[in-house]
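In what follows, a structure is listed as structure tokens, so that the remarks can point back to it.
Letters go in sequence order (proteins before strands), and every chain restarts at 1.
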There are 2 protein chains.
Amino acid sequence: MNTFPEKDFYLLLIIAKKSELNNSIKASTSELALDLNISQQSVSRKLSFLAEKELIERKVLASGNIISLTEKGKNFLLKRKNELDKIFSSKKNNKLSGKVKSGLGEGKYYINLPGYQNQFKKKLGNRVFPGTLNIKINEFELNDFLSEKKKISIKGFSDKQRSFGPAFVFKVKLNGRIDAAVIIPERTNHPENILELISSFNLRKKLKLKDNALVFVS
Amino acid sequence: MNTFPEKDFYLLLIIAKKSELNNSIKASTSELALDLNISQQSVSRKLSFLAEKELIERKVLASGNIISLTEKGKNFLLKRKNELDKIFSSKKNNKLSGKVKSGLGEGKYYINLPGYQNQFKKKLGNRVFPGTLNIKINEFELNDFLSEKKKISIKGFSDKQRSFGPAFVFKVKLNGRIDAAVIIPERTNHPENILELISSFNLRKKLKLKDNALVFVS
DNA sequence: ATTACTAGTCTTCGAGTAC
DNA sequence: TGTACTCGAAGACTAGTAA
């Protein structure tokens, strides 16, 4: 029995990620075991299972496995994606709420660099206040929220000493009325549950926000 | 151990579907057992597990369960959705290919009703040929394909005898060059792996298509 | 009608180890 | 280094049944 690999879904997902859906990957069972937090032996068994069900294609070499998803495997994931999309589509997140947090104040420095400010002026209509308002949000809702917004690109640049990376900004309203923008570094390495807002206003002052104040962006 | 309910994912998904994410549902363990093709006892155990992990909220009554997803439960699904979205986002399907199939010829009758033809003329620019070209496609790719297209609504209407339902149409090109439109009844009950195309042309003749001919829409 | 405990069976797990 | 077999333990399953 066991027609559908619900239990092995996550292994399939990891293979999809690593292979970028369409390529082959080389991976040993112990490597994958680390990703899944299970034993090498179990991965071996699971890969056999997925191959037997024709969800993956697999060549076993002395040095590891060459693995790729089959059409059937991709469809299995796509079907799951469609189910989830359908469930969440009705509840489009056009609002994101969270609490105001204090950042490290680094944003301030970067935001105020002329290389960025000039672009803000051109693309957002105004220079922005040197500082960001940090809001702690549910990171899982961020994707859906931003997917509805227009992505505006901010280019990176260099000065004599160092270079500054590109970023994306998205125009939003804070608490339904104040013009602001979400800014996300293109090569992000900071926590995704913190949303950084910029604005021509000093948002914290303008809205008299203290730490942990509940706000929403839309 | 067993921190994440990979094995019970499908039950969580079913609860999400039935509850439309945010509502409570009433369901007995044996009902859910049918959906999952497992025993009533297993559902009982799985529900306890999900509740213990705080993925669902559950009230056990003499007549069944009142179940709703917790924020944590929704996040679990949302996270999975985001992973899948990410995997498939690079491979945007702006092309859908499949084989020409013979339909039952019903489409012809409906398509040609003035109540529909007048709307086609207004919204697609032309009356359409009375007949549909049926293409067998991969149903799992349909969602992604259509999500990139503009949805045009065709209203339902009634005559003395009966009523005819609303539909959606999406402008596409067949084989990269012929103007056509996908038509999907709003209350669909026909197989989703068959795509029905309408056009001002008789597509079958114009492209000299025989059954099983490979075509693509974009 | 329910839910869910018990108990026996079947499945899945990973340590050890062969190749 | 690899993969994957054996096998004892742990976990998950269902039938019977109590509440």
Side-chain angles (χ1 to χ4, degrees), chain A residues 1-19 23-70 73 76 80, chain B residues 1-19 23-70 73 76 80:
Chain A
M1 265 304 279
N2 215 339
T3 45
F4 267 62
E6 210 48 57
K7 64 190 165 59
D8 297 340
F9 186 92
Y10 209 71
L11 174 54
L12 203 61
L13 196 75
I14 284 181
I15 293 169
K17 266 186 201 165
K18 291 193 188 256
S19 69
N23 306 320
S24 291
I25 51 162
K26 173 125 189 234
S28 71
T29 49
S30 31
E31 242 174 281
L32 295 170
L34 284 177
D35 289 328
L36 287 165
N37 242 294
I38 57 176
S39 69
Q40 170 271 320
Q41 291 88 336
S42 289
V43 173
S44 171
R45 220 178 324 100
K46 283 170 188 295
L47 285 178
S48 298
F49 175 75
L50 291 178
E52 189 196 311
K53 290 272 176 266
E54 295 182 315
L55 295 163
I56 61 169
E57 202 155 3
R58 178 192 191 201
K59 279 204 186 77
V60 182
L61 307 180
S63 58
N65 301 272
I66 307 285
I67 307 169
S68 62
L69 291 181
T70 60
F76 183 78
R80 180 55 45 84
Chain B
M1 267 299 277
N2 213 337
T3 46
F4 268 61
E6 209 47 57
K7 63 188 167 63
D8 297 340
F9 186 91
Y10 210 72
L11 175 55
L12 202 62
L13 196 74
I14 284 181
I15 293 169
K17 268 188 200 166
K18 289 191 189 257
S19 68
N23 306 320
S24 291
I25 51 163
K26 173 125 190 236
S28 70
T29 49
S30 30
E31 243 174 279
L32 295 170
L34 284 177
D35 289 329
L36 288 165
N37 242 294
I38 56 175
S39 70
Q40 171 270 320
Q41 291 89 336
S42 289
V43 173
S44 171
R45 214 184 330 100
K46 282 171 187 295
L47 285 178
S48 299
F49 176 76
L50 291 177
E52 189 195 313
K53 291 272 173 266
E54 296 182 317
L55 295 162
I56 61 170
E57 202 154 3
R58 178 191 190 205
K59 281 205 184 76
V60 183
L61 307 180
S63 57
N65 302 273
I66 308 284
I67 308 169
S68 62
L69 292 180
T70 61
F76 182 78
R80 180 56 44 83

Nearest-neighbour nucleotide for the [X] side chain, [options] considered:
| X | options | value |
| --- | --- | --- |
| Lys7(B) | dA12(D), dG2(D), dC13(D) | dA12(D) |
| Ser30(B) | dG14(C), dT2(C), dA4(C) | dT2(C) |
| Ile38(B) | dT3(D), dA4(C), dT14(D) | dT14(D) |
| Ser28(A) | dT2(C), dG2(D), dC13(D) | dG2(D) |
| Gln40(A) | dA4(D), dT2(C), dT14(D) | dA4(D) |
| Arg45(A) | dC13(D), dG2(D), dT12(C) | dT12(C) |

* dT2(C) OP1/OP2 closer than 4.0 Å to side-chain N/O of Asn65(B) ->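 No, Asn65(B) has no side-chain N/O under 4.0 Å of OP1/OP2 on dT2(C).
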
* **5′-ward residue of the pair Asn37(B)/Thr29(A) relative to DNA chain D** =>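 It is Thr29(A), whose closest nucleotide lies nearer the 5' terminus.
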
* To do: Decide side chain to side chain contact (heavy atoms under 4.5 Å, CB included) for Ser48(B) and Arg58(B); before the verdict, give the C-alpha distance in whole Å, the side-chain angles of both, and the deciding distance to 0.1 Å.
  => CA-CA 9 Å; Ser48(B) 299; Arg58(B) 178 191 190 205; 3.6 Å; yes

* Which residues, if any, of residues 8-17 of chain A bring a heavy atom under 4.0 Å of DNA chain D? ->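 The stretch gives none, as no residue of it lies under 4.0 Å from the strand.
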
[X] near the nucleic acid: base, sugar-phosphate alone, or nothing, with a heavy-atom cut-off under 4.0 Å?
| X | value |
| --- | --- |
| Lys59(B) | nothing |
| Leu47(B) | nothing |
| Lys26(A) | nothing |
| Ser44(A) | base |

* Asked: Is the NZ or CZ atom of Lys7(A) positioned over Phe49(A)'s six-membered ring, under 6.0 angstrom from the centre and within 45° of the axis?
  ->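 Judged by the rule, Lys7(A) and Phe49(A) form a cation-pi pair.
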
* Asked: So Phe9(A) and Phe76(A), would you call those rings parallel, tilted or perpendicular, with 30° and 60° as cut-offs?
  ->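 Phe9(A) and Phe76(A): tilted rings.
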
* Side-chain ion pair, Lys18(B) and Asp35(B), N-O less than 4.0 Å ->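 Salt bridge between Lys18(B) and Asp35(B), a charged N being under 4.0 Å from a carboxylate O: yes.
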
* Basic-acidic side-chain contact under 4.0 Å: Arg80(B), Glu6(B) ->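 The answer is yes: the pair qualifies as a salt bridge.
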
* **Gap between atom OG of Ser42(A) and atom CG of Leu32(A) - 0.5 Å precision** =>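 Answer rounded to 0.5 Å: 12.5 Å.
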
* Asked: Any donor-acceptor pair under 3.5 Å between the side chain of Gln41(A) and the base of dG16(C)?
  ->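 Answer is yes: a donor-acceptor pair is held.
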
